[in-house]
Every structure is written in structure tokens, then in C-alpha cells.
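The structure displayed is predicted, hence computed values, not measured ones.
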Amino acid sequence: MTDATLSTTADAAPARRIDRRLVIVVRADPVICGHSGEARNLAEAALDRGFDEVRIVTWPIDRLQAAGLPLKPLDRVLPYREGVVVERPGPVGDYKVPDGRWVAGLIGRLVELFTDGVPTVALSLYLSPHATAVADAVHVARRTGLPVNVTTVAEAVGSDVTNVVRACVEADQFGAAAHVLASYLEHDVCLAVSEYTRDLIVSEAEALDAQHGTTFAAQCRERVRISYPAVDVAQYLGRDDAETDAVLGARGLDRDGYVLYLSRLAAAKGVDDLIDGYAASGAPGTHRLVIAGNGPEAAALRAHAAASPVADRVLFLDDVSDDEKPHLMAGAAAYVLPSKPRPEFVETFGIALVEKMLSGGGPVITTDTGGIPEAVGDTATIVPVEDPAAIAAALDRALGLAAEERAAQAEAARAFALQFDRAVVLDKILEAVDLVATPVG
């Protein structure tokens, strides 16, 4: 069998031929994560680029919940575009091994998709376990004797390096670090979401090489290329002003009447510094602080805000849907993401920053952390990490901008952010795929 068919129902329309497939392996919606959104964006862009079949292979929702990941409210998640099939393979067997049964289910489904001869691009976001699962599935598929025509792409997002490879290097867990890096390099195309992330991969590989005499760093230096995260530019540029006013009104907000933070609530995001900086600025007299998102630090940050002298001026929103985001961003007088490096996480790009830049509204205030400079260029106000006083001063300057200066800054930010359009990003990935396309075998 050299091609495959897909029927929509058992006895409906005739089966249609599948000649080109994209499979994306990722932690997908409802996870609050920029790369969950990136998977959706790449999947939908692939439909516009002529793929006959696009599948996102991910985890069952109950496993995402059990993992403690920050999740969007299930009733607020936007449906995937028609033509994108989301699969959540169940566990294999009933033996009592944590996680392994679900990984087996994921790999098993990938083997099935890889052995029907359909020309397939398999893209994994996160090295562990997604890229390792794809590598294992390809090994199995090629041993079945069935036709395999798969080109694999692995994208390192950064936290998979800091959380897995770096931790293994520091703990001298050589085998685990080698497994992740070797699986990454087995892919036909190796990507990193920023220059910062690429440098991080190489430096951790160098540390492993120095300890154990391996040769990962040279391979990573040679093969890893940059692929910035894919953003649905149209979602932000196509925003309707009347709808924005309606969304803000439903939240009890006024346009330009608030300072916004919208991202995950985690220690590395610096929201505590933002609350303190906001309290020290002149902003509470004229603008509210809106903190939108969810995450492991939600309760602690609510307590931090409640203990501040501006408690009555801080509004937490934990149920913001994807279609609300552009409106909240556009209506903000300023957007602040004061990320700071932490052992468990460093901001390797900053997708939310790009989304804000596309939405318009007031200026962005952020830090020179990880890959953030690549996301904002010279269009944002940069403050030192863990410096509430600097945040206060930046807020006062931002809220005092003349209308003309603010508009000019917003236009420059939007022009810079257009390079991250999902179609542009996907086309560059597919160009790399075309150079290494795997023949049937």
C-alpha cells in the first residue's frame, strides 16, 4: 500500500486520497502554553499550504489535568479549524507503570500513521517526551517492513533543555541527557525557537561532552537552525474596535484604563515584581492592574496582591479565552512581562509579547531575559530583572506618552512582529524539509 484514504463516516462520501500529511506531536489545548498555540497555528497554516491531512497527536485531557499543568477552562477553548484532527491516544495495557502506558499509546499511534506510505512531515514540539517518541516510532515503523515515507522535525522550545538536559548534566545523569540529545539529532530537521535556545542547547551539550567525551555539541552547532514560534497574525490584525469595547465592557474595563499582564502565573514571569512596581508608580491613581492567566503561582500572587497597598486596584482574570486576548491586549495602556531567569525556566522567546505587539495599544515593558530580545527587537522598554523600581519608572513614562509617540511605537512594534506570521514560519520549515525529504523505505 503506497497511499492511504480517510473516510469521514462509515457510509457517507467516498474515501478521499491522502497524498500529503502533517503530524504535530505536542502538549495541545487546553494547556496554557505558547507552544500549544503554535501547534494550532502551524496545523491551520498547513491546510492553507495544501496538506490533505493534518493531525495533532497529544495527551488525554485527564492526563494533562493530573500533571498539574495550567489549563484553560474547557468551555472557553476555541474549536480547531475544520480539517485539523486532534488525537489523544489512550494508555496501552493495564500494568501499573506511571506515564509509560500513555507514552506507549502515543508511540503506537505514531507507528500506525507512519506505516501507510503517505508522505508525512512529523513535527514534535518539546524534546522530551515528544521528540523521543517520534524517534522511537520511526525506528519501529522502519522495522515493520511496511512503506514509510516520513520526514521528522524536532523543535526545541527551551524549557525542555533547561528542565531535562541541564538538570541531567548537573546531576551527572549521563544516560538521560544522551537519550534526549541523541533523539533530537536523529530527526531530519533540528530546530530551536530562538538564537538563545540554540546557544543553550550547544552549551549544555558542551558540558555533557566535557564530562563524558561525547560529541553532541559539534553536531548541534552544525545542525540546529532557528525557527521562531508561529503566530496567527490575522487574529490580532483583524480585531474589530467595537468588539474590543464590548469585551472590555463585559469585564468592567475601559480602553487605556488598565495595565495588563497576560501569561502563565509562574515564578519566572516576575508578576510579584510587577505588583510591587505598579504599587510604587503613579499608575494606581489612574489605571487598574489586570493580571490575566493561571498557573502554579496563582494563589501566592493573589495573596501578594491582597497584602499590597493597591489591593483594591488589582484584578485577576483566570478565565480569559483565546478570542478575548487580542481585545484585552489592544485595550491596555501598557503591557508588562518582567520575566526573570530561574533554574526551572527561562523565557526562551516570548510569544505573548509578539501577540501584544500585533494587537496595538500601549507600549510593552519587559526584561532582557533569554530570547525576549529576539521577540521584541528594539520596540519595547527594557527594565532590569527583579527591579520593581525600574518597572514603576517605566510605567510612569509609558502612561505619560503623547498620543503621537504612542502610536508611532505601536506601529513599529507591529511591523517587527509580522515576521512571526504562521505562514512565513511554516514555509521556512517546509523549505528545510524539502532539502532532506526521506524517500519511501
Side-chain angles (χ1 to χ4, degrees), residues 31-34 68-72 158-159 162 251 253 257-281 283-284 287-320 324-325 328-329 331-357 359 361-372 375-376 380-396 398-399:
V31 178
I32 297 175
C33 169
L69 291 164
L71 304 180
K72 304 168 188 173
S159 56
T162 55
R251 292 288 189 178
L253 300 171
Y258 58 95
V259 173
L260 177 66
Y261 169 91
L262 196 162
S263 189
R264 219 161 31 94
L265 301 185
K269 299 289 186 174
V271 186
D272 54 341
D273 298 327
L274 169 57
I275 293 170
D276 295 342
Y278 169 76
S281 74
H287 294 73
R288 301 178 74 179
L289 174 60
V290 175
I291 299 174
N294 211 334
E297 294 296 310
L301 290 170
R302 285 177 180 270
H304 189 86
S308 78
V310 293
D312 63 332
R313 299 293 285 162
V314 182
L315 173 65
F316 282 85
L317 301 177
D318 61 5
D319 61 345
V320 173
E324 267 192 294
K325 281 198 310 181
L328 286 174
M329 289 175 164
Y335 176 89
V336 190
L337 179 66
S339 290
K340 49 191 174 184
R342 300 268 299 187
E344 74 278 7
F345 179 83
V346 178
E347 200 82 56
T348 55
F349 181 72
I351 294 174
L353 293 166
V354 171
E355 294 170 339
K356 170 62 184 70
M357 292 156 64
S359 298
V364 167
I365 299 168
T366 187
T367 58
D368 184 358
T369 301
I372 285 178
V376 301
T381 297
I382 303 297
V383 297
V385 298
E386 298 187 72
D387 193 337
I391 294 173
L395 279 173
D396 288 338
L399 299 182

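A pairwise comparison of heavy atoms in A283 and S281 identifies N-OG, 3.0 Å as the closest pair. The two atoms that bring A392 and G277 nearest to each other are CB-O, 3.2 Å, heavy atoms only. Looking at every heavy atom in both residues, A333 comes nearest to H287 through CB-CD2, 3.6 Å. The minimum heavy-atom distance linking V31 with K72 is given by the pair O-CE, 3.8 Å. Shown here for A398 and A334, the closest heavy-atom pair between the two residues is CB-CB, 4.4 Å. Y335 and L262 make their closest contact through OH-O, 2.7 Å (heavy atoms, listed as atom of the first residue, atom of the second, distance).
Note that SG of C33 is 8.5 Å distant from CG of L69, once rounded to the nearest 0.5 Å. Expressed to the nearest 0.5 Å, how far CD1 of I291 lies from CG of L260 amounts to 9.5 Å. In this structure, T367 OG1 and I372 CD1 are separated by 4.0 Å, a value rounded to the nearest 0.5 Å. Distance OG1/T369 to CZ/R342: 12.5 Å, rounded to 0.5 Å.
Counting heavy atoms from C-beta on, the side chains of V259 and L395 come closer than 4.5 Å. Taking 4.5 Å as the limit, some side-chain heavy atom of L328 sits within range of a side-chain heavy atom of L253. Looking only at side-chain heavy atoms (C-beta outward), F316 and L301 come within less than 4.5 Å of each other. Counting heavy atoms from C-beta on, the side chains of L265 and P70 never come closer than 4.5 Å.
Listed by first and then second residue, the salt bridge (charged side-chain N to carboxylate O under 4.0 Å, His left out) pairs involving residues 332-341 are D272-K340, D273-K340 (not counting sequence neighbours). Legend: side-chain hydrogen bond (donor to acceptor under 3.5 Å, both in side chains) pairs involving residues 293-313, not counting sequence neighbours, sorted by first then second residue: D276-H304.
In this structure, T366 contributes its side chain and L337 its backbone to a donor-acceptor pair below 3.5 Å.
With sequence neighbours left out, the salt bridge (Lys or Arg N to Asp or Glu O under 4.0 Å) criterion links R251 to D319, E324. With sequence neighbours excluded, no residue forms a ring-ring contact (aromatic ring centres under 6.0 Å, His included) with Y261. Contacts of R288 classified as side chain to side chain donor-acceptor pair (under 3.5 Å), with partners at least two apart in sequence or in another chain: none.
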Give the table of side-chain donor-acceptor pairs shorter than 3.5 Å for residues 347-355, with sequence neighbours excluded, one pair per line with atom names and distance.
unit_1, atom_1, unit_2, atom_2, d
E347, OE1, K269, NZ, 3.0
E347, OE1, S339, OG, 2.7
E347, OE2, K269, NZ, 3.0
T348, OG1, V157, O, 2.5
E355, OE1, K325, NZ, 3.1
E355, OE2, Y236, OH, 3.1
E355, OE2, K325, NZ, 3.2

